Amino acid sequence: MRKALAHLNSYANRIPADLVALGLRVFPALVFLQSGQTKVEGLAIKDSTWFLFEHEYALPLIPSDVAAVLATVAEHLFPALLIVGLLTRVSALGLLAMTAVIQIFVYPSAWMTHGLWAAALLAVVAYGPGRWSLDHLLGLDPVSKAKPA
């Protein structure tokens, strides 16, 4: 059993860390991008979005119209940056903050889903975008450690 486990571990160690980093960036980004797309029609925020932010997504400190614009822009900008790997850690932190707000103020019972998003985004913050990113190509994240030590 120990030998089989060692064999399995040796194969798992061959998974490219940059592939893992790419997945950690892209899949949460797609969730937020898809959510952002439901809030707009063309370049305009939908009436239903204004309604949701006023009634269902109401936050205690931010006016609903401001929150609707900020969330809609963030759900388009941060995912796009994550996908290409530009300003990756900042973008992941932005989406991590959004996740916390959604968890605390909007859907507190959805902690399992939000936990998955947060875990992936936290890994990106901690380990960086990997070499398959614009940050790496431009030298903006030279300390990126795509694989934990």
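Just so it is clear, the model here is predicted, and its values are computed rather than measured.
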If you measure from [atom1] on [X] to [atom2] on [Y], what distance do you get to the nearest 0.5 Å?
X: Ser91; Y: Arg25; atom1: OG; atom2: CZ; answer: 10.5 Å
X: Leu70; Y: Phe53; atom1: CG; atom2: CZ; answer: 9.0 Å
X: Leu8; Y: Lys3; atom1: CG; atom2: NZ; answer: 14.5 Å
X: Thr88; Y: Leu140; atom1: OG1; atom2: CG; answer: 8.5 Å

Distance-only, no hydrogens or angles: does the Asp135 side chain make a donor-acceptor pair with backbone N or O of Leu87 under 3.5 Å?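 The answer is yes, because a donor-acceptor pair under 3.5 Å joins these two groups.
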
Check: Gly130 main-chain N/O paired with Ser133 side-chain donor or acceptor under 3.5 Å: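 Such a contact is found between Ser133 side chain and Gly130 backbone.
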
Among His136, Arg89, Arg131, find the one that has a side-chain hydrogen bond (donor to acceptor under 3.5 Å, both in side chains) with Asp141.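 So, applying the side-chain hydrogen bond (donor to acceptor under 3.5 Å, both in side chains) to Asp141 and each of His136, Arg89, Arg131, only Arg89 qualifies.
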
Single-linkage hydrophobic cluster, 4.5 Å side-chain cutoff, Leu24 and Val26 together: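 No.
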
Shared hydrophobic cluster, Val90 / Val73 (ILVMFWY, side-chain heavy atoms < 4.5 Å):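 Different hydrophobic clusters.
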
Could you tell me which non-hydrogen atom of Ala74 sits nearest to which non-hydrogen atom of Leu95, and how far apart they are? O-CD2, 4.3 Å

How far apart are the closest heavy atoms of Phe32 and Thr99, and which atoms are they?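 The pair with the smallest heavy-atom distance is CZ-OG1, 3.3 Å.
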
Just wondering, more than 12 heavy atoms not from Asn9 lying within 6.0 Å of its CG?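 Buried by this count: over 12 neighbours within 6.0 Å.
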
Would you mind writing out the side-chain donor-acceptor pairs for residues 77-85 within the sub-3.5 Å range, not counting sequence neighbours?
none

Any non-hydrogen side-chain atom of Leu22 less than 4.5 Å from a side-chain atom of Asp18? no

Quick one: salt bridge (Lys or Arg N to Asp or Glu O under 4.0 Å) pairs with a partner in residues 114-126, sequence neighbours left out? none

In residues 33-45, what donor-acceptor pairs under 3.5 Å come from side-chain atoms, sequence neighbours left out?
{"residue": "Ser35", "atom": "OG", "partner": "Lys39", "partner atom": "NZ", "Å": "3.0"}
{"residue": "Ser35", "atom": "OG", "partner": "Glu75", "partner atom": "OE1", "Å": "3.3"}
{"residue": "Ser35", "atom": "OG", "partner": "Glu75", "partner atom": "OE2", "Å": "3.0"}
{"residue": "Gln37", "atom": "NE2", "partner": "His76", "partner atom": "NE2", "Å": "2.7"}
{"residue": "Thr38", "atom": "OG1", "partner": "Ser35", "partner atom": "O", "Å": "2.6"}
{"residue": "Lys39", "atom": "NZ", "partner": "Glu75", "partner atom": "OE1", "Å": "2.8"}

Would you mind writing out the side-chain donor-acceptor pairs for residues 110-126 within the sub-3.5 Å range, not counting sequence neighbours?
{"residue": "His114", "atom": "ND1", "partner": "Gln103", "partner atom": "OE1", "Å": "2.5"}
{"residue": "His114", "atom": "ND1", "partner": "Ala110", "partner atom": "O", "Å": "3.2"}

Which residues pass the side-chain contact (heavy atoms from CB on, under 4.5 Å) test with Leu59, not counting sequence neighbours? Ile62, Ala67, Val101, Phe105, Val106

Test of understanding: with side-chain contact (heavy atoms from CB on, under 4.5 Å), list the residues that count as partners of Pro63, not counting sequence neighbours.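 Expected list: Asp65, Val66.
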
Apply side-chain contact (heavy atoms from CB on, under 4.5 Å) to residues Leu19 and Trp132 and explain how you reach the verdict. CA-CA 8 Å; Leu19 178 63; Trp132 300 347; 3.9 Å; yes

Do the ring planes of Tyr11 and His7 sit parallel (below 30°), tilted (30 to 60°) or perpendicular (above 60°)?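 Because their plane-to-plane angle is over 60°, the rings of Tyr11 and His7 count as perpendicular.
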
